[in-house]
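Encoded as structure tokens, the structure appears first; notes follow it.
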Amino acid sequence: MSRTSDLTGRDVEAARAQEQARTFDHLHPAVADTVHDTLSEFRRHCPVAHSEAHGGMFVVTRFDDLKHVAEHGETFSSAAEVGAVVVAPETGGVIAPLFEQDLTEHAAWRRHLQPFFTPRAAARHTDYVRKVAAEVVAELAPRGAADFVPDLCARIPPLVVASLMGIPEPERPVLASLVRRLSGATTEQEAAAVGKEYTEFLLAQIRSRRGRSGEDVLTSVANSEIGGKVASDHELLKFAFLLVAAGNLTTTDQLASILLQLAQDSALRARVVADVALIPQLVEESVRHESAVAATGRTVVTETELAGVALRPGDRMLLTWGSGNRDERYFPDGDEFRLGRPRKPHLGWGAGAHRCLGLHLARVELRVICEELLAVIPDFALPDGFVPQRTYGVIRGVKALPVTWPV
Ligand code: HEM
């Protein structure tokens, strides 16, 4: 083939990828099955691709560009004026401390919260996670069958995040049930009704902590001047909503991806069962390979350029973390799940100032739940011919894992 026709072929592919990017919508159900192939095309041909979805956005797909955006909060803001997250009506217009702040305000919150999220602080949750995981696994074991998504993955993370926030043990199932009902709501009316109940629950938790002392996250932020002021009830409400979402949906979906991998690959499962010291590697490779946080947003605040694309204030950026984690420049055969890959930083926990604050806690949860499960149910299988259905959107998981095991 001549050099000219080769170039032409590449141009045609690039034009096709750009056309595909124009309608790319990460929230559309059809994306669930095709997202990795689509983003791989964008990485090759239009790494900062423009989509017209959601009022227009630039889809950032390469490792270096994602890292650059995440590390430059002065240019790419986390403030979500266009409603990147759906929360209770009471929080409309309120900036969520930490999550939606930039630079010095963000740094003040981050510094304040850091002690609750160090590796040592995360390790203090080990016994509680183990206790709850052991109870859930003991309840499931004699049944010989379960859908691991609702019956296991979704049950533990909301209790752990409730514990982190200092919600007393008897009330933690209330939070777990509100979260479950909210994500399972099928109509707008139902979502609004559960949202109202959820708001009331969290507001009561926040208000009851004012003027009290305590060792938990919510008591601490309700009684401290952070960045020069005490946060209002509604700021704390939005913070609490986002903390629950950050700690719960992510860990639930990541666990589902890990268990899907183990169910589909019996050799991998046998290896991990035989050597549980491999579990931390299993967890980390899953966060790289199928990052539960598929995409989050930023807004451009000053004129700039990324991968040759001119950006103006107000432009929205979609950071596709999972795409960066399969960028062939950093992760050869990135589509493959492989234990024992050379250790390298990946983007499954994000990057820069907003890099996941809860990553040590997430690692503890995922490791301990896997340990407890594999010790009692080492041999679970999906039905023959089972085709997993992925969930889609900002968070990426698995719809169902209908497994059986010998009893
Ligand atoms: C496997 C589970 C998890 C994954 C894959 C994950 C991933 C991420 C990612 C990618 C970000 C960065 C978002 C951005 O910059 O736009 C983030 C932020 C954050 N995560 Fe996690 N996360 C997980 C679990 C947790 C847990 C268990 C907690 C705590 C309970 C947590 C708390 C947070 C917080 C507070 C932030 C915001 C940090 C900031 O804005 O400074 N995460 N997470």
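In listed order, ligands and their atoms are each counted from 1.
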Check your understanding: Quick one: which of Arg210, Lys238, Arg209 gives a salt bridge (Lys or Arg N to Asp or Glu O under 4.0 Å) with Asp233?
Key -> Arg210
Practice item. Apply ring pair (Phe, Tyr, Trp, His ring centres under 6.0 Å) to Phe58 and list each qualifying residue two or more places apart in sequence or on a separate chain. Key: His50
Practice item. Can you sort out which atoms of ligand 1 are near Ala353, meaning under 4.0 Å from one of its heavy atoms? Key: 41 (O)
Practice item. Name the closest protein heavy atom to atom 15 (O) of ligand 1, giving the residue it belongs to and the distance to 0.1 Å. Key: Arg298 NH2, 2.8 Å
Revision key, fill the gap. What lies under 2.8 Å from atom 21 (Fe) of ligand 1, restricted to protein N/O/S atoms, is Cys356 SG
Check your understanding: What's the shortest distance from atom 40 (O) of ligand 1 to any protein heavy atom, and which residue and atom give it?
Key -> His354 ND1, 2.5 Å
Practice item. Pick one of side chain, backbone, both or neither for how Ser291 approaches ligand 1, counting any non-hydrogen atom pair under 4.0 Å. Key: neither
Study note, to complete from the structure: Checking heavy atoms under 4.0 Å, the part of Leu113 that sits near ligand 1 is neither
Point to revise | Member of Asp379, Val137, Leu282, Val272 meeting the side-chain contact (heavy atoms from CB on, under 4.5 Å) criterion with Leu374 | key: Val272
Practice item. Can you pull out the closest protein heavy atom to atom 5 (C) of ligand 1? Residue, atom name and distance to 0.1 Å, please. Key: Gly348 O, 3.5 Å
Point to revise | Test item, Gly297 contacting ligand 1 (heavy atom, 4.0 angstrom) | key: no
Review point. Heavy atom of His106 under 4.0 Å from ligand 1?
Key: yes
Review point. Who are the side-chain contact (heavy atoms from CB on, under 4.5 Å) partners of Asp37, not counting sequence neighbours?
Key: none
Exercise for review: Mind jotting down which residue pairs meet the side-chain hydrogen bond (donor to acceptor under 3.5 Å, both in side chains) criterion with at least one end in residues 350-359? Sequence neighbours excluded, please.
Suggested key: Ser78-His354, His106-His354
Check your understanding: What residue and heavy atom of the protein are closest to atom 36 (C) of ligand 1, and at what distance?
Key -> Phe99 CE2, 3.8 Å
Exercise for review: Compute the ring centroids of Phe99 and Trp109, then answer whether they are less than 6.0 Å apart.
Suggested key: no
Check your understanding: In terms of side-chain geometry, is the basic nitrogen of Arg341 or Glu284 positioned less than 4.0 Å from the acidic oxygen of its partner?
Key -> no
Check your understanding: Going by atom types alone, do Arg396 and Ser257 pair a side-chain donor with an acceptor below 3.5 Å?
Key -> no
Point to revise | Side-chain ion pair, Glu19 and Arg22, N-O less than 4.0 Å | key: yes
Exercise for review: Give the residue, atom name and distance (to 0.1 Å) of the protein heavy atom nearest atom 16 (O) of ligand 1.
Suggested key: Thr296 OG1, 2.7 Å
Point to revise | Pairwise side-chain contact, Val136 with Ile156, heavy-atom cut-off 4.5 Å (strictly under) | key: yes
